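Counting starts at 1 for both ligands and their atoms, following the listed order. In this text the structure is predicted, and so the values were computed from the model without any measurement. Heavy atoms only: backbone and side chains are in, while hydrogens, waters and symmetry mates are out.
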Amino acid sequence: MSTRVGGRPDLRSPRRENYLTFGAPSIGEAEIEEVVDSLRSGWIGTGPKVGRFEELMREYTGARFAIALHSCTAALHLSLVASGLGEGDEVITTPMTFCATVNAILHTGATPVLVDCDRDTQLIDPQRIADAVTSRTRAILPVHLAGRIADLDAIHSIAMRHDLGVIEDAAHALEGRHRGRKIGSVSDLTCFSFYVTKNMTTGEGGMVTTDDPDAAARIKMYGLHGMDRDAWKRYSDNGYRHYEVHFPGFKYNMMDIQAAIGLHQLPRLPAWMGRREEIWRRYDEAFASLPVVRPAPADPENTHARHLYTLMIEPERAGITRDEFMMRLHEMGIGTGVHYRALHLHAYYRERWGYRPEDFPNATWISERTVSLPLSPSLTDEDVDDVIHAVQRALGGAR
Ligand SMILES: Cc1ncc(COP(=O)(O)O)c(C=O)c1O
């Protein structure tokens, strides 16, 4: 693709030679060498590189503590467990998220209480949070969907009024800021993901940041079977040391092999963010005249982490459904994603709580229309041209 005729896209050569995979990671030689170094050292489990990665995350977010885990799902689960949540407690969150957000609540025994999101920002609606608070509510779990920061001022003020914890699902918002403060240093606990499609990766991986020393100590311990501090060192060259189990914990620790990748990804975030911004601007300009809804403008109070660039494909305007649009892009060699089909539409939650699509009309509306385009710093200018032309062609073909 990418061939141009007289400055306009060549509509006759629609398929790329190489498929543009959605969310492909950017892995450099430094990451590869660091992983090899771990493999050669013999220390491939939790070790010094995890410690260095946690230190980098503390510096990056400004939080006092950072605990590396093997996923954001683990980070969410342990944050909720460390907050003392369990049966009889309620946690308010959004249906417009990945299933891990709500599953983590369920695994503590607590009850997730879903409230609808705003249709434009796609973020949890604070008014609906306020309306959903009961005597059983213990925490609010906002999700910074696509990298857009939830209304943390309103959320914190509801939390203060009712003495609730705030645990942020910042899987999409590593580079985000709220009123200049880095995400990770704003709420009680913040959970990040380093899954392959995220703005930086460790293969699989997650992190909790917090200023609370007790929560940090509990999360560290619960993440490694509930064994006492530094139990991971029991086989080190200081000789064997006995450990003590204080809690029936989980096996959620990050490995040095994962941290080895993260150590070289994290310092690249500022440059990568610049490239994401650039691609974002190009998409915004190119799609301005198309019959699609583009992402809402960024909130000036916050820094958008530019994780996902999503279009809303309204069949009435676009002439095709979202799924047809995705198929057309796929046929042109462009991978896309859906973030998300809201949780109340999925079998388990629908059947367990009897949810209907109209219970969360905005989340349902988004679920049926949203599509995420490739947005990665590893995209070349040519790749970006290809995506733009494919979108134009997919919609143009429908007219
Ligand atoms: C919003 C959100 N929350 C949580 C998760 C879970 O992250 P992980 O895959 O690191 O467990 C994801 C991952 O896709 C996500 O997008």
- request: Run through Tyr252, Tyr195, Phe250, Phe194 and flag the one making a ring-ring contact (aromatic ring centres under 6.0 Å, His included) with His70.
  value: Tyr252

- request: With heavy atoms of Ala171 as the reference, note each atom of ligand 1 found under 4.0 Å away.
  value: 1 (C), 2 (C), 3 (N), 4 (C), 12 (C), 15 (C)

field: Heavy-atom nearest option to atom 4 (C) of ligand 1, drawn from Thr202, Thr201, Asp169, Leu308
entry: Asp169

query: Nearest to atom 12 (C) of ligand 1, what protein heavy atom do you find, and at what distance?
result: Phe98 CD2, 3.7 Å

- request: Look at ligand 1 and say whether Gly205 reaches it with a heavy atom at a distance under 4.0 Å.
  value: yes

Within reach of ligand 1, part of Ala100 (heavy-atom separation under 4.0 Å): side chain

query: Rounded to the nearest 0.5 Å, what separation is found between the CZ atom of Arg119 and the CE atom of Met312?
result: 10.5 Å

statement: The single option from Tyr355, Tyr349, Trp353 that satisfies ring-ring contact (aromatic ring centres under 6.0 Å, His included) with Phe360 is Tyr355

- prompt: Given that the side chain starts at C-beta and the backbone is N, CA, C, O, which of these parts of Tyr340 lies under 4.0 Å from ligand 1, counting heavy atoms, or is it both or neither?
  reply: side chain

Student check: side-chain heavy atoms of Arg276 and Pro377 closer than 4.5 Å: yes

field: side-chain hydrogen bond (donor to acceptor under 3.5 Å, both in side chains) partners for Asp256, two or more places apart
entry: none

query: Between atom CG of Leu141 and atom OG1 of Thr97, what is the distance when rounded to the nearest 0.5 Å?
result: 8.0 Å

field: Residue portion contacting ligand 1 (non-hydrogen atoms closer than 4.0 Å) for His339
entry: neither

- line: Quick note on ligand 1: atoms under 4.0 Å from a heavy atom of Thr97 include exactly 1 (C)

- prompt: Nearest to atom 7 (O) of ligand 1, what protein heavy atom do you find, and at what distance?
  reply: Cys72 CB, 3.2 Å

query: Is there a heavy atom in Lys198 that sits closer than 4.0 Å to ligand 1?
result: yes

- prompt: Nearest protein heavy atom to atom 6 (C) of ligand 1, by residue and atom, and its distance?
  reply: Thr73 OG1, 3.5 Å

statement: If you scan protein heavy atoms around atom 9 (O) of ligand 1, the nearest is Tyr195 CB, 3.8 Å

- prompt: Can we say Arg16 and Asp386 salt-bridge, meaning some charged N sits less than 4.0 Å from an Asp/Glu carboxylate O?
  reply: yes

message: Can you tell me how far apart OG (Ser378) and CZ (Arg275) are? Round to the nearest 0.5 Å.
response: 9.0 Å

Region of Thr101 engaging ligand 1 - heavy atom pairs below 4.0 Å: side chain

- request: Using a strict cut-off of less than 4.0 Å between a Lys/Arg side-chain nitrogen and an Asp/Glu carboxylate oxygen, indicate whether Lys220 and Glu54 qualify as a salt bridge.
  value: yes

